[in-house]
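Proteins come first, then strands; the chains are lettered A, B, ... in the order of their sequence lines, and each starts at number 1.
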Amino acid sequence: MADVSEAAAPLGRFDLTRIPAHIWVIVVLLLLVPTFTSGFVQFQIFGWAFILGMISLSLMILAGYGGMVSLVQMTAAAAAGYAVAIFGASAVAEISFAWPWPVAVILAIAISVLVCVISGALAIRTEGIYTIMITLAIGSAFFYFTRQNYTVFNGFTGFNGVQPPQVFGVTWNDPTPFYYLTLACAALSYFFAVYLARTPFGLALQGVRDNPRRMAAMGYNVNAHRLAAYAVAGVISGVAGVLLVWSTGQISPNTAAIGPIIDILVITVIGGINRPIGPFVGALIYVVLRTYSLDVLTALGLDGERFKLLIGMAFLLIVYFSPDGMCGIWDRYITRLWRDPKREGADG
Amino acid sequence: MADAQSSSSTAGPLATAKSRWWAAGGVAALVVLWLIFAVWPDWLVAILGRKKVFVNALLNGVTLGALYFLVASGFTLIFGLMRNVNLAHGSLYLFGAYLGYEVSRITGSWLLAFPIAFLAMAALGTLLQIFVFRRLDGQDLQQTLITIGISVVLADIMLWIWGGSFYQILAPDWLSGPVETFIPSSVSRRTGELIYIKYPAVRLFILVCAVIIGVGMWYILNRSKLGMLIRAGVDDREMLAASGVRIQLIFVSIFAFGAGLAGVAGVVGGTFQSIAPGEDTRFLLSSLVVVIVGGMGSIPGAALGAILIGCAEQFGSVYAPTYSVVLTFVIMVAVLAFRPQGLLGRA
């Protein structure tokens, strides 16, 4: 895995003038999206991409900073979604407690953290590639269990009719409010992930990723750092899970089936698994491809149902040719574009 | 490192711990044998229900375990020798199953489906080894991601060709129907004779085949010259390559063999279960759990894990239908908590 070199920069004072111009353009554009797009685009494209991006971001924190490719993040998000449906109100009145929404949301995030930490505690007992297998097994166990259990998880059908709360008189699953809600959460978690890389904890975590034995020898508790990373990732995937259940109004075992679990990994890798912006880029590509796959596929002369083939091939090509995802491709393109021919060779 | 030192410290306490495990295993085996062959007294029937249900669950569990073993042994063999994690292994299983279905449908021969599925999947495995694993040697994460991508693509191509419907490979006449086993279920009230349990012949046939394959693999690995080379490769591949062995040839043939086994398992699974989209991930996951429980890279571990998981699933679905998945999961968690390298894995 490539090193996160910019993360080593010292933790400086927050300075607006240091932010490059293209970031400002992106920020302004994102804030203005509702003025020039339809409700469908705001809700189905951006809202969904922000949610998937946050779940993938939690994987990115574990994989990029901690070197642990955990496939349990979608499961943690779904567990949070279930918690909102069970502790809050849903159409399945005989199971749902209908507690006030702040309680349900806090419990949901706590449960997501719990799922992540328990899975992490099991996975960190082994090294490297085992993590992927153990977390995949845990995720699928959750899927099969929710499908079989009717007393708590309402089996195959799950829950529907989960409404977001009416706060400040706004219906939060209307397209424009939902867009800003998801944008705010996504932006917060993005900046948190950027900030995390430069904190002492984040730096230690990256040290653990690169050389656990040396970190242990220096007196760091390797497993405690890994577990804490799982807990942090659990918070982000928990928030995303709450947004997920509010956006669709329903949660069922299929939310965290094997397909979506793999999708999160695919999204993160397509975007770029070792920097915080990668998951959001990947999620946007994924959602756009998924929404317009019919048009794309018929344009390529294929059957409209072959979405998985399309995304699978894209994934394969990216893993094969650019292990750091679309962000890596972009970086190489930019460096080629901005390279000064006179200074070439001097930089080496 | 610390584990290796502590395990090789003193022989005394280790030997007693080992003999204690053997004693516990022996007692458990005796209890199971008694449960199988004795005619159950009434108090036991009151606790566990009718013996027929119990024995059927056990036989189903063991035969399902045999199927899991066929899939997982290839997976664990490939991992053990090359440290390659092939997450497309489930796709090889399903692809083999579909091919076996087509072969048996066109030629009408069930037995012919096995060599064709084996050869086709071995060929696919060879391609995988040469174009993916050899080129990305040592890059664990890359390999895993690529094989996930391949499994996504293969799953969709198979869905494209065969659609979403269920298929089943028909067993030949000489294996259809139940046979009478030598396990008594109860005493007939009328005549006082023992009534024996009947069980589908094809499942017993498959169980016997899996045992033969398993013993054969164990024999080749532990008693033949080829096995010696393979085990040497597991321990220290650089040294083996340096001593003049063509290690890439061994790698590619082991990969082909493991992939071929997945294809054979596909035909087996297509005969006594069904072939449908989604079976690929199901069998990939079951082999993951089996090798995590049994120990990565160990053939006897795969056998033990497969039987444990198969029995857990079947007993779970008989005695606690909603919690059968949890039982499997609990076994995995317990193994990870107390013996992270797996029951028969090496630290």
Side-chain angles (χ1 to χ4, degrees), chain A residues 1 63 67 69 71 118-119 121-134 136-152 155 213 257-259 261-263 265-266 268-269 273 302-303 305-320 323, chain B residues 1 75 79 83-85 87 90 131-132 135-136 139-157 159-160 278 280-282 284-293 296 316-317 321-326 328-330 332-333 335-342 345:
Chain A
M1 201 165 295
V69 181
L71 293 183
I118 292 176
S119 315
L122 287 170
I124 58 173
R125 296 185 60 84
T126 55
E127 283 283 322
I129 213 69
Y130 289 78
T131 308
I132 252 185
M133 298 192 271
I134 290 166
L136 185 58
I138 293 170
S140 59
F142 182 83
F143 164 66
Y144 287 115
F145 180 61
T146 50
R147 209 170 58 164
Q148 285 179 352
N149 184 294
Y150 279 85
T151 45
V152 179
R213 290 185 63 190
I258 321 295
I261 290 178
I262 299 292
D263 284 348
L265 179 68
V266 169
T268 318
V269 171
I273 203 163
L302 279 167
D303 192 345
E305 289 170 14
R306 298 275 74 83
F307 166 70
K308 284 275 174 192
L309 195 61
L310 188 70
I311 198 93
M313 293 302 268
F315 177 72
L316 269 184
L317 287 176
I318 285 185
V319 174
Y320 216 80
Chain B
M1 287 298 129
F75 185 84
F79 180 85
R83 302 281 133 184
N84 287 344
V85 178
L87 291 187
F131 287 109
V132 176
R135 288 186 62 163
L136 299 171
Q139 301 173 35
D140 281 1
L141 185 64
Q142 290 279 95
Q143 292 178 349
T144 317
L145 295 178
I146 291 248
T147 52
I148 286 180
I150 289 173
S151 68
V152 170
V153 168
L154 274 182
D156 203 61
I157 290 175
L159 185 67
W160 196 356
D280 49 348
T281 39
R282 202 191 122 207
L284 172 67
L285 288 165
S286 63
S287 27
L288 286 183
V289 176
V290 162
V291 296
I292 289 170
V293 168
M296 287 297 268
S317 65
T322 26
Y323 298 100
S324 62
V325 182
V326 182
T328 313
F329 183 64
V330 164
M332 193 183 91
V333 170
V335 168
L336 281 175
F338 296 109
R339 213 178 142 75
Q341 74 271 37

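Looking only at side-chain heavy atoms (C-beta outward), Trp160(B) and Leu309(A) come within less than 4.5 Å of each other. Under the 4.5 Å side-chain criterion, counting only non-hydrogen atoms from C-beta, Leu87(B) is in contact with Thr144(B). Using a 4.5 Å heavy-atom threshold, the side chains of Thr147(B) and Val85(B) count as separate. Residues Val132(B) and Gln142(B) form no side-chain contact, since every pair of their non-hydrogen atoms from C-beta on lies 4.5 Å or further apart. At least one side-chain heavy atom of Leu288(B) sits less than 4.5 Å from a side-chain heavy atom of Phe75(B). No side-chain heavy atom of Val291(B) sits under 4.5 Å from any side-chain heavy atom of Phe79(B).
Using a 4.5 Å cut-off between heavy atoms, Val333(B) touches chain A through backbone and side chain atoms alike. For a residue to count as touching a neighbouring chain, one of its non-hydrogen atoms must lie under 4.5 Å from one of that chain's; by this rule Val269(A) touches chain B with the side chain only. Looking at Leu336(B), the atoms closer than 4.5 Å to chain A (heavy atoms on both sides) sit in the backbone and in the side chain alike. Interface remark: Ile262(A) contributes side-chain atoms only to the contact with chain B (heavy atom separation under 4.5 Å). Heavy atoms closer than 4.5 Å to chain B are found in both the backbone and the side chain of Ile134(A). Of the two parts of Ile150(B), the backbone and the side chain both hold a non-hydrogen atom closer than 4.5 Å to a non-hydrogen atom of chain A. Interface remark: Ile118(A) contributes no atoms to any contact with chain B (heavy atom separation under 4.5 Å). For a residue to count as touching a neighbouring chain, one of its non-hydrogen atoms must lie under 4.5 Å from one of that chain's; by this rule Tyr144(A) touches chain B with backbone and side chain alike. Both the backbone and the side chain of Val153(B) come within contact range of chain A, judged by heavy atoms closer than 4.5 Å. With a 4.5 angstrom heavy-atom cutoff, Leu285(B) touches chain A only via side-chain atoms. Only the side chain of Ile258(A) comes within contact range of chain B, judged by heavy atoms closer than 4.5 Å. Heavy-atom distances place both the backbone and the side chain of Leu145(B) under 4.5 Å from chain A.
Taken to the nearest 0.5 Å, the CD1 atom of Ile311(A) stands 11.5 Å off from the CG atom of Asp156(B).
Each of Ala257(A), Ala121(A), Ala123(A), Ala141(A) has some count of heavy-atom pairs under 4.5 Å with chain B, and the biggest count is that of Ala141(A). Ranking Val152(B), Ile146(B), Ile292(B) against chain A, the residue ahead of the rest is Ile146(B), based on heavy-atom pairs under 4.5 Å.
Contact between Ile138(A) and Phe329(B) at its shortest, heavy atoms only, is CG1-CE1, 3.7 Å. Residues Asp280(B) and Ala155(B) come closest through the heavy atom pair OD2-CB, 3.4 Å.
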